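Computed from a predicted model, the values in this text were never measured in an experiment. Just so it is clear, the values below take in all heavy atoms, side chains as well, and ignore hydrogens, waters and symmetry mates. Throughout, numbering of the chain's residues begins at 1 and tracks the sequence.
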Amino acid sequence: MKFKAPKWLSVAPVAAALVISLAACGGGTSEPSGSPTDALAGSDQKSLDTFTTAEVTPLDKIDKSKLGLITDGTLRVGTLSDAPPNIFIDPSGKFTGYDNELLRAIGDKLGLKVEFASTDFSALLSQVGNKQFDVGSSSISTTDARRKTVGFTNGYDFGYMAIVTKSDSKVTGFADVKEGLRIGVVQGTVQDDYMTNTLKIEPVRFPDYNTVYGNVKNGQIDAWVAPSQQAEGQVKEGDNTKIAEKVVNTQNFTAYAVNKDNQPLIDALNSGLDAVIADGTWAKLTAEWYKDRPTAAEQTPQGWKPGSKAVQLPAK
């Protein structure tokens with residue numbers, strides 16, 4: 001399957017990319033082994049229902065003095081700088097993208113300022129866990145392993161997994177991923193866990209999306225197993241690369257990470273999320289940032305919907 005990707009920021013290959021990736025191969029993923037996530041298993045509605053709240057606290061009942069923020073009145077957010085269309089820095093230096101603009105809208109509902117700082121994904125969850133950040137915003141899949149480190153809001157997105165290759169590659173999809181190929185992943189991601197613990201294949205691990213994509217372009221790796229949103233943000237016309245296949249993954253919804261002991265902040269963010277869903281902001285941002293999801297049906301596949309069980313998407 002071929003998908004035309006949007007044109008985002010240009011990315012220069014990292015000269016030392018292969019050295020970095022080989023060094024990372026010796027380490028483990030941040031996902032604990034023994035409880036693998038089959039990221040291509042499809043929707044598990046029972047699991048999603050288990051972690052989705054029945055309802056939320058009304059916005060006017062949120063006590064902002066009880067949110068345990070690092071700085072009162074401000075959400076300090078750890079995010080990435082290189083993963084469009086979800087989380088990236090635009091040419092003006094602004095942190096933007098779907099996840100971050102949605103979080104800004106949630107902050108507005110709560111009357112909170114939102115400040116972003118860049119970090120590596122492999123460190124983000126531990127940084128949220130030890131309160132270096134109030135929130136982690138990085139298209140984070142809510143796996144059981146990650147719930148041991150951080151708490152999560154209700155879901156605001158689902159995902160696709162993608163295979164990125166050179167245009168003339170013999171790798172045409174997930175069925176071709178096997179031992180002996182050099183398959184790249186970003187360290188600590190669900191894709192790392194999928195390769196390592198589900199397929200039992202040791203991947204080549206990279207610190208960020210720019211680096212792994214640069215190594216696909218220069219032929220140092222055979223393919224990249226990627227979140228499809230980030231794959232579409234990297235693949236550009238003229239790069240001699242393609243998205244060979246993408247598969248929907250709603251098994252674990254995407255959510256914002258919060259210190260797991262800070263239930264008041266989790267509750268507040270859930271209230272803000274329901275508010276931006278109910279007033280149509282969520283659907284508007286989803287259509288704006290995901291050009292392949294213009295309709296409600298494409299925004300809510302396999303019965304999935306964002307927010308609490310009580311919130312309703314506005315009628316079109």
Side-chain angles (χ1 to χ4, degrees), residues 30 51-81 83 86-90 92-143 145-157 188 253-279 281-282 285 289 306-308 310-311:
S30 67
F51 295 108
T52 299
T53 64
E55 54 189 16
V56 298
T57 304
L59 283 175
D60 62 0
K61 301 297 183 183
I62 298 293
D63 185 348
K64 290 192 287 185
S65 70
K66 304 293 187 184
L67 301 185
L69 300 175
I70 298 167
T71 302
D72 286 345
T74 299
L75 288 174
R76 293 185 61 180
V77 183
T79 189
L80 277 62
S81 61
N86 295 81
I87 48 251
F88 67 101
I89 300 175
D90 71 13
S92 72
K94 176 187 175 183
F95 284 94
T96 189
Y98 175 72
D99 300 60
N100 289 342
E101 295 302 337
L102 181 64
L103 188 54
R104 280 194 174 98
I106 291 170
D108 286 345
K109 293 292 186 183
L110 296 170
L112 297 173
K113 183 179 179 182
V114 183
E115 291 184 352
F116 295 95
S118 182
T119 189
D120 291 332
F121 186 82
S122 60
L124 178 58
L125 296 189
S126 62
Q127 289 168 334
V128 172
N130 65 27
K131 300 184 180 181
Q132 289 178 249
F133 297 117
D134 296 310
V135 181
S137 172
S138 185
S139 291
I140 306 168
S141 293
T142 55
T143 67
R146 289 173 176 169
R147 289 184 185 278
K148 296 176 182 178
T149 302
V150 295
F152 287 106
T153 64
N154 287 329
Y156 63 84
D157 196 9
F253 55 66
T254 296
Y256 297 109
V258 181
N259 182 284
K260 64 181 180 180
D261 295 323
N262 193 348
Q263 193 61 46
L265 181 54
I266 295 172
D267 292 342
L269 293 171
N270 281 340
S271 297
L273 175 59
D274 267 23
V276 298
I277 293 167
D279 73 4
T281 300
W282 177 87
L285 287 172
W289 289 99
S308 76
V311 71

Notebook entry, point to check: At what distance, to the nearest 0.5 angstrom, does CG of L273 lie from CD1 of I266?
Noted result: 13.0 Å
Notebook entry, point to check: Hey, mind stepping through L102 and D157 against side-chain contact (heavy atoms from CB on, under 4.5 Å) and telling me if it holds?
Noted result: CA-CA 11 Å; L102 181 64; D157 196 9; over 6 Å; no
Check: Do T57 and I62 have side chains that get closer than 4.5 Å, going by heavy atoms?
Finding: yes
Next item on the list: Can you measure from CD1 (I277) to CG (N154) and round to the nearest 0.5 angstrom?
Entry: 8.0 Å
Check: Would one find more than 12 heavy atoms of other residues, nucleotides or ligands at under 6.0 Å from atom CG of D63?
Finding: yes
Next item on the list: For residues T149 and K260, determine if any side-chain heavy atom of one lies less than 4.5 Å from a side-chain heavy atom of the other.
Entry: no
Notebook entry, point to check: Heavy atoms, side chains only, cut-off 4.5 Å: are F121 and I140 in contact?
Noted result: yes
Name each donor-acceptor pair under 3.5 Å that joins a side chain in residues 127-136 to protein atoms two or more places apart or in another chain, with its distance.
from, atom 1, to, atom 2, distance (Å)
Q127, OE1, T119, OG1, 2.8
Q127, NE2, T119, OG1, 3.3
N130, OD1, Q132, N, 3.3
N130, ND2, S126, O, 3.3
N130, ND2, Q132, OE1, 3.2
D134, OD1, I70, N, 3.0
D134, OD2, R76, N, 2.9

Notebook entry, point to check: Less than 4.5 Å apart, any side-chain heavy atom of S141 and any of R146?
Noted result: yes
Margin query: If you compare all heavy atoms of T281 against all heavy atoms of A105, which two are closest, and at what distance to 0.1 Å?
Written below: CG2-CB, 4.0 Å
Check: Rounded to the nearest 0.5 Å, how far apart are CG of L285 and CG of N100?
Finding: 11.5 Å
Notebook entry, point to check: Any donor-acceptor pair under 3.5 Å linking the side chain of T142 with the backbone of F253?
Noted result: yes
Notebook entry, point to check: Where do V150 and L125 come nearest, in terms of heavy atoms and distance?
Noted result: CG1-O, 3.3 Å
Notebook entry, point to check: Are the side chains of N86 and T254 in touch, meaning some heavy atoms are under 4.5 Å apart?
Noted result: no
Item checked: Criterion ring-ring contact (aromatic ring centres under 6.0 Å, His included) against Y156, the qualifying member of W282, W289, Y256 -> Y256
Margin query: Between F95 and S118, is there a side-chain heavy-atom distance shorter than 4.5 Å?
Written below: yes
Checklist line | Donor-acceptor side-chain pairing of S92 and D90 below 3.5 angstrom | finding: yes
Next item on the list: Considering non-hydrogen atoms only, spot the tightest contact between T74 and L112 and give its length.
Entry: N-CD2, 4.5 Å
Checklist line | Residue pair G68 / N262: nearest heavy atoms and the distance that separates them | finding: O-ND2, 3.8 Å
Next item on the list: Identify the heavy atoms of V114 and G107 that sit nearest to each other, and give their distance.
Entry: CG2-CA, 4.1 Å
Notebook entry, point to check: Hey, what do you get for CZ (F116) to OG (S81), rounding to the nearest 0.5 Å?
Noted result: 13.0 Å
Notebook entry, point to check: Measuring from L103:CG to L110:CG, what's the distance to the nearest 0.5 Å?
Noted result: 9.5 Å
Next item on the list: Starting at CG of D274, measure out to CD of E55 and round the result to the nearest 0.5 Å.
Entry: 10.0 Å
Next item on the list: Please name the pair of heavy atoms, one in D99 and one in S137, separated by the smallest distance, quoted to 0.1 Å.
Entry: CB-OG, 3.6 Å
Note to self: Could you tell me if the side chain of I87 sits less than 4.5 Å from the side chain of S139, heavy atoms only?
What the structure shows: yes
Check: Can you check whether L67 reaches L75 side chain to side chain, under 4.5 Å on heavy atoms?
Finding: no
